[in-house]
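Chain letters run A, B, ... following the sequence lines, proteins first, then strands; residues in each count from 1. Because the structure is a prediction, the values reported are computed rather than measured.
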Amino acid sequence: MSVPAADDFEKNLVAAIPHLRAFARSFTNDAARADDLVQETLVKAWNSMKSFTPGTNFRAWLFTILRNAYFSQHRKLRREVDDPHDIHVNSLSVRPEQYGHLDLVDFRTALGGLPPDQREALLLVGAEGFSYEEAAQICGCAVGTIKSRVNRARTRLADVLEVSGASDYGSDPAPDPAASKARSTSS
Amino acid sequence: MTTEKLGPSEHPPKQEGGTGSAGANVDPALQGSLGRRLREAYQEVVDEEVPSKFLNLLNELKKKEAGGDQT
């Protein structure tokens, strides 16, 4: 049995915490609740260490646990809140004070306005760098579903932002494809 | 103003390879811009300092597993 040594496991777990927090924050704009979710995820991950298959994406495994934890909590919460989608306005969208750029504020607002399933797919693929296959596994749906959610999310963001500030988009600096590669494969 | 971000990394996450399906027709420049903004917004949260409670929790879990601390 090649169960990863507890030390390695712990090291990877620690490295994943910032990402788990960011992902959790996309479910709820309550930062404390998001952190609770991450803590629950850490405990669950620790307790099911042996069920992780070495060689597979560790972070994807963790994200799956977090997502499941969220949705099982959420089922309880639904009894207290009328429309769950209302409370999901993503907290990535409520930190505009750090930005002088109106366009980034707009972007965050637009992101927060996406349907949760589309936003999730977009974040997993576009921000976390998961493959469509990994994202599909995390969300428990078909690869095609993820692709179509990502496409719809992009189209929707483009629509919203094009209307509000089209002039900005021509002026982006030249691409630097190297920078974002490293993140997706750290497991 | 230094903003600690990913840098202007620009390649759209993964190419769909021309699935003609739902709305893959976002202008490439705009899509690149969206991708960058998305990563910036997300990275802001990733870059936040991790509160010590998380490491404390892991330490507790470790202790428990070592059999020392049964509660």
Please assess Arg37(B) against Leu157(A) for the test side chain to side chain contact (heavy atoms under 4.5 Å, CB included), listing each intermediate value before the final yes or no. CA-CA 11 Å; Arg37(B) 278 152 223 257; Leu157(A) 282 182; over 6 Å; no

Taking all non-hydrogen atoms of both residues into account, name the closest pair between [X] and [Y] and its distance.
{"X": "Phe23(A)", "Y": "Tyr42(B)", "result": "N-OH, 3.6 Å"}
{"X": "Glu44(B)", "Y": "Arg108(A)", "result": "CG-NH2, 3.4 Å"}
{"X": "Ala22(A)", "Y": "Val46(B)", "result": "CB-CG2, 3.6 Å"}
{"X": "Arg39(B)", "Y": "Gly126(A)", "result": "CG-O, 3.4 Å"}
{"X": "Trp46(A)", "Y": "Leu58(B)", "result": "CE3-CD2, 4.2 Å"}

For the NZ atom of Lys64(B) and the CG atom of Asn47(A), what is their distance to the nearest 0.5 Å?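 Atom-to-atom, Lys64(B):NZ and Asn47(A):CG are 8.0 Å apart.
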
Nearest-0.5 Å distance, CG of residue Leu122(A) to CG of residue Leu38(B):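 Separation between the atoms: 4.5 Å.
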
Under a 4.5 Å heavy-atom cut-off, does chain A meet the side chain of Leu57(B), its backbone, both or neither?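 It is the side chain, since no backbone atom gets that close.
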
Is any NZ, NE, NH1 or NH2 atom of the basic residue among Arg25(A) and Glu48(B) found under 4.0 Å from an Asp or Glu carboxylate oxygen of the other?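 A salt bridge is present here (some side-chain N lies under 4.0 Å from a carboxylate O).
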
Would you call Phe54(B) and Val14(A) a side-chain contact if the rule is heavy atoms closer than 4.5 Å?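 No, every pair of side-chain atoms sits at 4.5 Å or beyond.
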
pair Asn59(B)-Glu10(A): side-chain heavy atoms closer than 4.5 Å: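 Yes, their side chains come closer than 4.5 Å.
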
Tell me whether Arg154(A) contacts the main-chain N or O of Gly35(B) through its side chain, where contact means a donor paired with an acceptor under 3.5 Å.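 Here the side-chain-to-backbone pair does not exist.
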
